Every structure is written in structure tokens, then in C-alpha cells.
A.B. asks: 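Dumping the structure here so I can ask a few things about it.
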Amino acid sequence: MDKTYQPEQIENRWYQRWEEGGHFAPSGQGAPFAIMIPPPNVTGSLHMGHAFQDTIMDTLTRWQRMRGRNTLWQVGTDHAGIATQMLVERKVAAEEGKSRHDLGREAFTDRVWEWKHESGGHITRQLRRMGASVDWSRERFTMDDGFYKAVQEVFVQLFDKGLIYRGKRLVNWDPKFETAISDLEVENIEVNGHMWHFKYPLAGGETYEYIEKDAEGNVTRRETRDYISIATTRPETMLGDGAVAVHPSDERYAPLIGKLCEIPVGPKEHRRLIPIITDEYPDPDFGSGAVKITGAHDFNDYAVAQRNGIPLYNLMDRKAHMRRDGLSYEESATLASRAARGEDIGDVDEVNLVPTELRGLDRFEARRRVVEAITAEGLAMTTADAEGNEQPLVESKTLMQPFGDRSGDVIEPYLTDQWFVAVENLAKPAIAAVENGDIEFVPKNYENMYFAWMRDLQDWCISRQLWWGHRIPAWYDADGNVYVARSETEARNKHGLADDVGLTQDEDVLDTWFSSGLWTFGTLGWPEKTEALETFHPTNVLVTGFDIIFFWVARMIMLTLEFTGEVPFKQVYVHGLVRDGQGNKMSKSKGNVLDPIDLIDGIDLEALVEKRTGNMMQPQKAKAIAKATRQEFPEGIEPHGTDALRFTFLSQATTGRDIKFDMGRLDGYRNFCNKLWNASRYVLMNAEGQDCGTDGSEVELSLADRWIVSRLQQTETQVTRAMEEYRFDHASQALYEFIWNEYCDWYLELSKPVLWDDDATPESQRGTRRTLVRVLEAILRLAHPMMPYITEEIWQRVAPLAGTYRGEGDSLMVHPWPEADEARVDEAATRNIEWLKGVIVAIRNIRAELNIAPGKPLEALLTKGDASDRERLEANRPFLAKLAKLERLDWLDDPAEAPLAATQLVGDMEVLVPMAGLIDKDAELARLAKEIDKQDKLIGGIEKKLGNESFVAKAPDAVVQKERDKLDDLSANRRLLIEQRDKIAAL
RNA sequence: AGGACCAUAGCUCAGUUGGUUAGAGCGCCACGUUGACAUCGUGGAGGUCGGCGGUUCAAAUCCGCCUGGUCCUACCA
């Protein structure tokens, strides 16, 4: 073995051998255990979030596999509609200067498929680097043939049950991608905006007394007005107003109800009139209390319009430019005015209320022009400025603006025909499943988030005006009748349509989450009744981030319950986001992204800087990022290996919280790997080719052997329990502490005198070799789910010595998880080793305090103890001599004969190191004074406690007794320190 | 506006049902290349557990309020 651990030399080799060995496929005889990977974007690449999540899933999977469960980790990728289409559109534009429309639907989707084949292996290769033990033979894609079938089936069945419907609704529209998106894909961001106040003149120049009152009912303003004041942040939508609404209780406007007012935009001769109505929606205390109702461009207004029969006038096209189609403005305005008077004007699709000069303009340009025109006309509300001059009233205001999470474009509420899933009846059982515990969230508090969302669920818009995705299985005849079926043929048969009836398929595709919602059962072969489905569904646990509980988890639960009658998974382990060391979100634009593969393989500084700033448009920003990067990683990033990265993730995986990725810990765990590596080297150097007592015959185990075996059992219990509770941080810590602080720091050191001293017996050596090897072998099994590579590599060498190797091609992967054996917990051995450690630490302390070189041989005396201390001294003499570097160690019967010595207590026994005048008297006195002071404080605290009658009376006896014992110990120690001080002072 | 979560050593974090002299890793200081490991060893310094109240014999832990931070949800035209 190399002297230092070199991860890159073992990782790829082992992954390949595991895969070729068929170790990833389900094989256990025990109960099934299944995890579905949240399918990453097929064309994506592995980021820290994936790496974290994959580590957790792989750890669980390997662990259950070792426990003998019939374990499946289902792998696959998602077609990721918008994201992938966007990427390929950009690529085609860059390479050929063409838009997708230039190519046409078929040619474009061909390009996407090509790109999928070209780049689709990237993320799965990276998944392999993480050591993910997924079953590649079952790899799926959300647009493969089988999945296609499942998606069609679900759509058709939902439609037949009346749970999918089509309708013209106001939806979130992304003008960049020209598609509807769901509420969840909208990000509300605070931006600086304006609120304008305009006058809507009353029809026919009518006037009224406008009276404002304060809370006491005193009149604060009274004037005659011929208008109603309206505030808006989106003046361009005024063109589509269908009414002005006020609250029914608002006395100011009571005289106006039912009257008409004029929208102050558009050619003067065709100013449009709209009614003033009442509705509960306007808040009398906000703005003027009067709200313009633009049903086609605002969600709240839409609801008001629906309630009051106000027509919805669409003003924009798919790119959110002002409409050019339909009737002329003059015709449209005339029709709309008739509607305002209560006439039925029928279908309003053709009505285009955009004035000629604004048609075709971008919405923001149109806004500017509308404001300009109204202001010029003197119809803006005004306010006095500092000099007393009247100025148009424009408030600066921060407002929440909706943006597309992918496009970054401002989302437009837009009236279009879309497909919807009626969620009400799907949500009920989905809520119940969590309420009654069929599905359990870990940590539990995410259940509240789930309930809150599910109980206020809007119908789900599932159609997307994209080309990449599952095309909706609906066909239309010339009259617009819709036929939903699994295929065109089925549509004809089902509805008895003659062959000459022309049918065209719906152009839209389904929301990506519609197909990924079927992931747990679609991957297992549904709608066929496959054996896999029978065996592995419902799956055991879903490992996912809180950010997609709504997107994905909730929808999976609804769809899976509806179609299989089963929950998709029994538990949902929710993890947080991986952030950078300072707690910032990792993002390309911030330039703080870490690539898991770079952490594994290492990357030099220049390459890292290039990676972070490569495609950056703003040179200023690129410079800043480059500087920050050079500062943070002056040497670049050195290789750490997959195992160290995995262990870091696990150690930071506290439930449900974001993790700040800590490079320091990554370094630390790389060192930990090196520690394990070198400990193994030591074991192999001392055991290979020697009798390790694994031939089945009896061996003699020393106290140290029995102690480490005992501690191993306890560690196994701890790790197992932590894994069961998804506390990977505890599991990794227990393992770390056992390996480093006990096995390496103590047991390996204790084995040296046995293996190396001439007077050690062959029997004891045999027992120690056996323990060294067996414990290490168990450690490797215990650590394997977390650190698969290094453990496998070492295990291949250790297992033959331990007698657990089954021959050529054997792998640690399929060896049993070490279960603790209570019978091997050995209290007596533990007490002995604790005593031994106590004496050694005492002597080391004395060395440090007296500034004696660690290697200088010393003389030590033990005194004041009892018979068992004396026995232990004899039993442990060689260990004490070796580990504490002693040239002499004696028992002193009469403490009074003790020479001047540095002293430490171990239980009641004193450990003495004669000082022989080589100490600094003043320094030692100062140290002792400080120490005595510290003891005094502690003693004072406990005495106070024990002096409190109610404490003694009310606290449990055990607690009181514990305090008394503590007091005794502290007092003994204090007496010792004082004796010591007096002796030294007397010198 | 409503809700959730968080606040413990310089940094990143543990701390089970209230009872520890409040822990770990990294960093820091001192000493040390002894035959697994300097990606190491030994020892050490460093915290009134965000603040204020309350419950209790006893609070980092339970309750209330406040401050600061993160995030969700809904948003007022």
C-alpha cells in the first residue's frame, strides 16, 4: 500500500468492477427496499445539491443492501421541458443563427433528441463518480416509450373521470418562452416601480360631491368632482378595463354606482365608457378606494370580472406586445361601450382595444406612452410640490413583480385556452395520507408546509406551449370538438369518427411535472402489472429538497394514490440547500459555485477562475469574482476524493436545514481517510503472513482486545440507530470518533507492546492480531455505506486475513452490516482501559505542565490507591511503560515517603512524577494557585446547591448523590493541590 | 401581512425525555519527525449557550416577549 491515500487511483476502478459484477441490481432475500432517484435533467450536470442528495441515497441504499434487504435504487433522467428546450434553442441560435420557428417543430425536436443523446451521458457519468450504486440496467427517461405510455394512460383516464378539463382561463404567461407556466414557476421579486393616479371622467360631464371623512366622522375634504380617481401600477392595461369597482360600504362613491365613466386613453372621439360597480374586493382605505377592473390582465380583477359579468378584453399577444390582430380600435371600442351598457356582444376575442398607434408595441413602451398621453391631457391626479406647484401624482413604490424562474422575464397574466387538472378530489386523499401517517415527512415540520399548500390548492395548469415534452393526447375536428384518447386511431374508434373526418392533434405538451409525477410507478412498468411494481411499490423513502415539495412531492402523492391506490413512498426525507461557506446560495452569477467533481479531483487556480468567470458578460463582475476566488483558494483546490466529499456531506446533514459547505471539514475528512488508510497499513504490516487466529481455534484476548471489541459493539449500535433516524451527522461522527480516537489513538498503540516486545507471548500476539484484523474488517463494513471506495480497497486486503473473504470477485458491498452483539460488551475490560488511559494522560499532563520533552524517559510512582489499582499496575506495566515513555514505574506503599513530585489523581490513586529540582518554582506555584482557585469555584457551586433545602428535598436522590460524589472528588483534588503547593512553597 | 426555521468557541456544527466542570472538527498557541500516518502526535488557550422576563429545587434545553438572520406563502389596485 502507498504511504498516503491516493483516492484517484482506486475510485474509477472500483466503480467499474461493482457495476460489472452486477452488484447494483436488487438481489437481497430480505424485505424490499426501494428509493427512486429524483430524476435530474437529462442534459444537466451534477451540482452540489445532487452530490449531497445522491450521497444520502447511496448511503441508505448500500446500508440496506448490506442488511440483506432486496434493494433497488431506481435511476433515470427527466426531459425537463422548458430548461432543455431553452438550452437547445440557444444552441441552435448560436450555431446556425436560427430560431426554433425557422426549423419547425419536427426538425427542432429532432435537434433536442440529438442533444439528449450527445450530452445525456454527462450527468450519469458524474453520478458514477459519486459512487452511486443505482441499478443502471433499469435506467429510465421520462420520455422513453414505456413512460410515454404511462403518461398517455394517466391523461386519458383523468380526462374520462372528468378530472382534466380544458378552458379559457387567466394563467401565468411567460412571454419569452411563449408558454403558460404554473404558479410555482413564478418567482415574485421586489422591484422599484411606480403608482400613477389618473382621473376617469364621469360620462356626460356629470359631477358629484366628493367627501372624505376621518375616523371620527369629521369631514376632511369636500369638493365637487367630475371624475373618479384611480391608481394603477400598470397604466397600459387601462385599455382593457371593463369596469371600475368600489366597495359597497364606501360612501364617497355611493352616488356613482351604476353610472358610467370614461377611460382616459385612446383617441378622444372613441373614448370608451365603463360602469362603476360594487364588489367586496376594493379596500376603501387603500389609494382612492376605487379600482379599475382589467379582467384579462390581473388575477384579482379576473375574479371580480367573473363575479360581475364584466367582459375580459385581451390586449396582448403571445410575446406580450400590444395586439395587432382583430377588429379596428374604432369597431372594438364601439362594441365594448355597448357591452358596458349591458348589451350582450357575444365573443370578445376579436375585440382589440389597443389604439392604432400603440399596436405592436412592447408592453413597457405602451405603458410609457399611455402615461405620457394622459398626463399631457391633464387627466393625471396632481399634488403640490415643495414650491406649491401642482405636479402629476406618481408614487415611487416597491412592488412584487412576477418573474419566470427560467426565463427571468416579467410574467403576464394572460387569457388563453389551457388544460387543467381539477385537483380538489385528488388533494383530499393526498392530505389524508400524510395525516394518517401513511406518508411521513422527516423532519416532521414540513408536513405543515405541505398541508397549508394542499388545502389551498388551485387547479393545476398542465399544458405548455412548448415543443419538447409529452404532446397532449387530444385531437380536434374541424368544428373544434375535442377527442381525448391514447392515439388518433383510438380517438376515431371511441367516437365512431369516419376516416374522412380530419383530426389534428393538440399542439401543446404537458408540464414536465405531470410526467415526473408518475415517477415511482411509471418507472416500474405501470400500467402493466409488473413484478417490479408488485415488489418495490410503494417505495420506502423519497430523498428530496424542500424546494420541490410542491412541484413534485405533492403531485406524486396525488397522482400515485389515484392510479395505484398506494402512496408513492412511506417517508419523505427532506434536506436543505447546499450553500457556500458564508451561507450564500451558490449561483453562477455570484461566482461562488463549487463543482463536486472539482472537489473530488482537484482543480488548479487558473482553471477554477476561468470556470467561474468564463461566460461572464460584465468584466467588472468577472474581475471581482476572480479576485475573490484567488483569495479563497490561493492554491486552487487539491484532490480530496469522493469518500471525503461524501463524508463531509453526511457529517453536515442535519435534518431539514440548509448546509453551509465547509472546506475545512472536507480537508479534515480527507485526512480522516488518510488516517484509516494508514491504520490499515499498520494492521497489514503486522498481520499479513502471520497467525491471526482466524482458523477457528480458541484465542486468548487481552483486556485491550476485549475493550476495543466492546467499544465496537457500542459504535455499531450507535451508527445503526443514527442511520435509522436519518441522522447521518451522528452516524458519521460516531464512526469518526471510534476509528480515530479509540481504534487508532489507543488500540493500535496498545497493540504495539504486544506485537513488538520480546517477552510478549505468541498466544497474546495471536489474540491481538486477530482483534486488529477483525475490528478493522468490521470498521470497513460499518463505514462502507458512507465511504464506499476506500473501504472496499482496504477490505480486499483485510478480509482474507479476517477470514471473511469469499474468493475471487467478492465485494464488501454484499457483506453483512455489522450488528452489535450485546454479549461482547465488556464492562470490566472497559474499566481497566479507562484506568490505563487515565494514568497515561496524567503522566502526559505532567510532562506538558513541567515542559518535559515528550520523548524523555521518566520515572513515575503510583500511590494511595487500593488493591485493584495495584493489580492493574502489574497487568498494564508494559503498556504504561511504552505509551507514557517510562523507564521506571513503581508502587509506593507509604504516601508519606513520596518525594517532591508533580501529582495527578486517577480515581483515588495518585500518579507521581518526581521533579528532581528541574522545575520553575514560581511558575508552578502560579499554576497551582490558578488550579486551586478553579476547584474552589466548582466546590462553591456544589456546596451552594447542596445547601439548598428544596434541592435536597425535591431533586431525585440519584441527582443529589451525584452532586455529593462530585463534591468528594473535587475536595480530594483540592487537598492534593494544596499539599503540592505547600511542598513547593517550602523549597 | 401570515407562517416556518435558526441564533452555542474565531469559523462550520453537535447537544436525545430539563440535572455534563457545555462538546467535536477546522483554525490558533506550545512542544515533538519514537519503527501506520506531519493529510501526524501530545498538551493548551478560547463560550455569562442572541437579549429580557417566566415556570422549576434545577433551564443551552420548557413558556412568553424582544432583537437579528434565512426562507416560504399571500399580497392592495
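First the proteins, then the strands, lettered A, B, ... as listed; each starts at 1. It should be emphasised that the depicted structure is a prediction, and the values quoted were computed from it without experimental measurement.
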A.B. asks: Mind calculating the distance between CD (A:Glu749) and C1' (B:A36) to the nearest angstrom?
C.D. replies: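 Taking atom C1' of B:A36 as the reference, CD of A:Glu749 is at 9 Å.
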
A.B. asks: What does A:Tyr736 touch in the nucleic acid at a heavy-atom separation under 4.0 angstrom: a base, only the sugar-phosphate, or nothing?
C.D. replies: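 Touches sugar-phosphate only.
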
A.B. asks: Assess whether salt bridge (charged side-chain N to carboxylate O under 4.0 Å, His left out) is satisfied between A:Arg234 and A:Glu412, documenting all intermediate values.
C.D. replies: CA-CA 11 Å; A:Arg234 301 202 51 196; A:Glu412 193 64 42; 2.8 Å; yes

A.B. asks: Can you list everything that forms a ring pair (Phe, Tyr, Trp, His ring centres under 6.0 Å) with A:Tyr573? Sequence neighbours excluded, please.
C.D. replies: A:Tyr726, A:Phe728

A.B. asks: For B:U34, does either OP1 or OP2 sit under 4.0 Å from a side-chain N or O belonging to A:Lys752?
C.D. replies: no

A.B. asks: Flag the pair A:Ile637 / A:Leu594 as yes when at least one side-chain heavy-atom distance between them is below 4.5 Å, and no otherwise.
C.D. replies: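 Result yes, sub-4.5 Å side-chain heavy-atom pair found.
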
A.B. asks: Using a heavy-atom cut-off of under 4.0 Å over every strand shown, decide if A:Arg455 touches base, sugar-phosphate, or nothing.
C.D. replies: nothing

A.B. asks: For RNA chain B, please output the secondary structure as dot-bracket, reading 5' to 3'. Pairs are Watson-Crick or G-U wobble, both atom distances under 3.5 Å; mark crossing pairs with [ ], other-strand partners with |, unpaired with a dot.
C.D. replies: (((((((..((((.....[...)))).(((((.......))))).....(((((..]....))))))))))))....

A.B. asks: A:Trp196 CH2 to B:A77 P: how many Å, rounded?
C.D. replies: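 My rounded result for the distance is 12 Å.
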
A.B. asks: Which part of the nucleic acid, if any, lies within contact of A:Cys673, taking any heavy atom under 4.0 Å across all strands shown: a base, the sugar-phosphate backbone alone, or nothing?
C.D. replies: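 Result for A:Cys673 = nothing.
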
A.B. asks: Using the P atom in both, what is the distance from B:C26 to B:U42, to the nearest Å?
C.D. replies: 12 Å

A.B. asks: In whole angstrom, give the distance that lies between atom CG of A:Asp933 and atom P of B:U21.
C.D. replies: 18 Å

A.B. asks: Would you say a side-chain N or O of A:Tyr281 is under 4.0 Å from OP1 or OP2 of B:C76?
C.D. replies: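 Affirmative; the distance criterion is met.
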
A.B. asks: Quick one: is the NZ or CZ of A:Lys675 closer than 6.0 Å to the six-membered ring centre of A:Tyr743, and within 45° of its axis?
C.D. replies: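 Relative to the ring axis of A:Tyr743, which defines the angle, A:Lys675 lies outside at least one limit.
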
A.B. asks: Taking the P atom in each of B:A60 and B:U67, what is the distance between them to the nearest angstrom?
C.D. replies: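 Comparing P positions in B:A60 and B:U67 gives a spacing of 24 Å.
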
A.B. asks: Taking side chain as C-beta onward, heavy atoms only, is A:Val959 less than 4.5 Å from A:Phe951?
C.D. replies: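 SC-SC contact between A:Val959 and A:Phe951 confirmed.
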
A.B. asks: Could you give all pairs that pass the side-chain hydrogen bond (donor to acceptor under 3.5 Å, both in side chains) test and reach residues 944-953 of chain A, with sequence neighbours left out?
C.D. replies: A:Asn948-A:Ser950

A.B. asks: Are the aromatic ring centres of A:Phe647 and A:Tyr669 under 6.0 angstrom apart?
C.D. replies: yes

A.B. asks: Provide the distance between the two C1' atoms, one in B:A14 and one in B:A74, to the nearest whole Å.
C.D. replies: 36 Å

A.B. asks: In whole angstrom, give me the gap between the P atoms of B:C65 and B:C5.
C.D. replies: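 Per the computed distance, 14 Å lies between those P atoms.
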
A.B. asks: Using residues 962-969 of chain A as the side-chain source, report each donor-acceptor pair under 3.5 Å to any protein atom, sequence neighbours left out, with the distance given to one decimal.
C.D. replies:
from, atom 1, to, atom 2, distance (Å)
A:Glu963, OE2, A:Lys966, NZ, 3.1
A:Asp965, OD1, A:Gln961, NE2, 3.1

A.B. asks: With a non-hydrogen cut-off below 4.0 angstrom, is A:Lys944 in contact with a base, only sugar-phosphate, or nothing?
C.D. replies: nothing

A.B. asks: Considering only the C1' atoms, how many Å lie between B:U8 and B:A59, rounded to the nearest integer?
C.D. replies: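 Approximately 14 Å lies between the C1' atom of B:U8 and that of B:A59.
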
A.B. asks: Take the protein atom CH2 of A:Trp453 and the nucleotide atom P of B:U73, then report the distance between them rounded to whole Å.
C.D. replies: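 Rounding to the nearest Å, CH2 of A:Trp453 and P of B:U73 are 10 Å apart.
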
A.B. asks: Separation of A:Ile230 atom CD1 from B:A77 atom C1', in whole Å?
C.D. replies: 9 Å

A.B. asks: Between B:G25 and B:U39, how far apart are the two C1' atoms, rounded to whole Å?
C.D. replies: 14 Å

A.B. asks: Do A:Glu724 and A:Arg721 meet the salt-bridge criterion of a basic N to acidic O distance under 4.0 Å?
C.D. replies: no

A.B. asks: Just wondering, do A:Phe738 and A:Gln718 contact through their side chains at under 4.5 Å, heavy atoms?
C.D. replies: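 No - every pair of side-chain heavy atoms lies 4.5 Å or more apart.
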
A.B. asks: Using a cut-off of 4.0 Å on non-hydrogen atoms, how would the nucleic acid contact of A:Leu684 be classed: base, sugar-phosphate, or nothing?
C.D. replies: nothing

A.B. asks: How does protein contact run along nucleotides 3-16 of chain B, one letter per nucleotide 5' to 3', with B for base contact, S for sugar-phosphate only, - for none, heavy atoms under 4.0 Å?
C.D. replies: --SS-----BSSS-

A.B. asks: I want to check something: taking the side chain as every heavy atom from C-beta on, are A:Leu776 and A:Leu676 in contact at a cut-off of under 4.5 Å?
C.D. replies: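 Yes, side chains in contact.
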
A.B. asks: Taking only the P atom of each, what is the distance from B:G50 to B:U61 in whole angstrom?
C.D. replies: 8 Å

A.B. asks: Taking only Lys NZ, Arg NE, NH1 and NH2, and the carboxylate oxygens of Asp or Glu, determine whether A:Arg307 and A:Glu280 approach each other closer than 4.0 Å.
C.D. replies: no

A.B. asks: Could you tell me whether a side-chain N or O of A:Arg646 sits under 3.5 Å from a main-chain N or O of A:Met786, the two making a donor and an acceptor?
C.D. replies: yes

A.B. asks: Could you tell me the separation between the NZ atom of A:Lys292 and the C1' atom of B:A77, rounded to a whole number of Å?
C.D. replies: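 In whole Å, B:A77 C1' lies 8 Å from A:Lys292 NZ.
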
A.B. asks: Tell me the interatomic distance from A:Ile790, atom CD1, to B:C37, atom C1', rounded to whole angstroms.
C.D. replies: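 Going from CD1 in A:Ile790 over to C1' in B:C37 covers 12 Å.
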
A.B. asks: For A:Ile942 and B:A58, what is the distance between atoms CD1 and C1' respectively, to the nearest whole Å?
C.D. replies: 14 Å

A.B. asks: Taking the C1' atom of each, how far is B:U33 from B:C49, in whole Å?
C.D. replies: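 Those two atoms are separated by 40 Å.
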
A.B. asks: For A:Asn300, answer base if it contacts any base atom (sugar-phosphate contacts may also be present), sugar-phosphate if it contacts only those atoms, and nothing otherwise; contact means non-hydrogen atoms under 4.0 Å.
C.D. replies: sugar-phosphate

A.B. asks: Tell me which nucleotide among B:A77, B:G19, B:G35 gets nearest to the side chain of A:Trp756.
C.D. replies: B:G35

A.B. asks: Does A:Ser288 or A:Lys954 map to a spot on RNA chain B nearer the 5' end, using the closest nucleotide for each?
C.D. replies: A:Lys954

A.B. asks: Side chains of A:Ser651 and A:Asp729: is there a donor and an acceptor less than 3.5 Å apart?
C.D. replies: no

A.B. asks: Mark up nucleotides 38-47 of chain B, 5' to 3', with B wherever a protein heavy atom is under 4.0 angstrom from a base atom, S wherever such an atom reaches only the sugar-phosphate, and - elsewhere.
C.D. replies: SBSSSSS---

A.B. asks: Checking all strands, does A:Asp283 fall into the base, sugar-phosphate, or nothing category for heavy-atom contacts under 4.0 angstrom?
C.D. replies: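 Contact class for A:Asp283: base.
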
A.B. asks: Counting the atoms with a prime plus P, OP1 and OP2 as sugar-phosphate, which does A:Gln718 contact under 4.0 Å by heavy atoms, base, sugar-phosphate, or nothing?
C.D. replies: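 The residue A:Gln718 makes no contact with any strand.
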
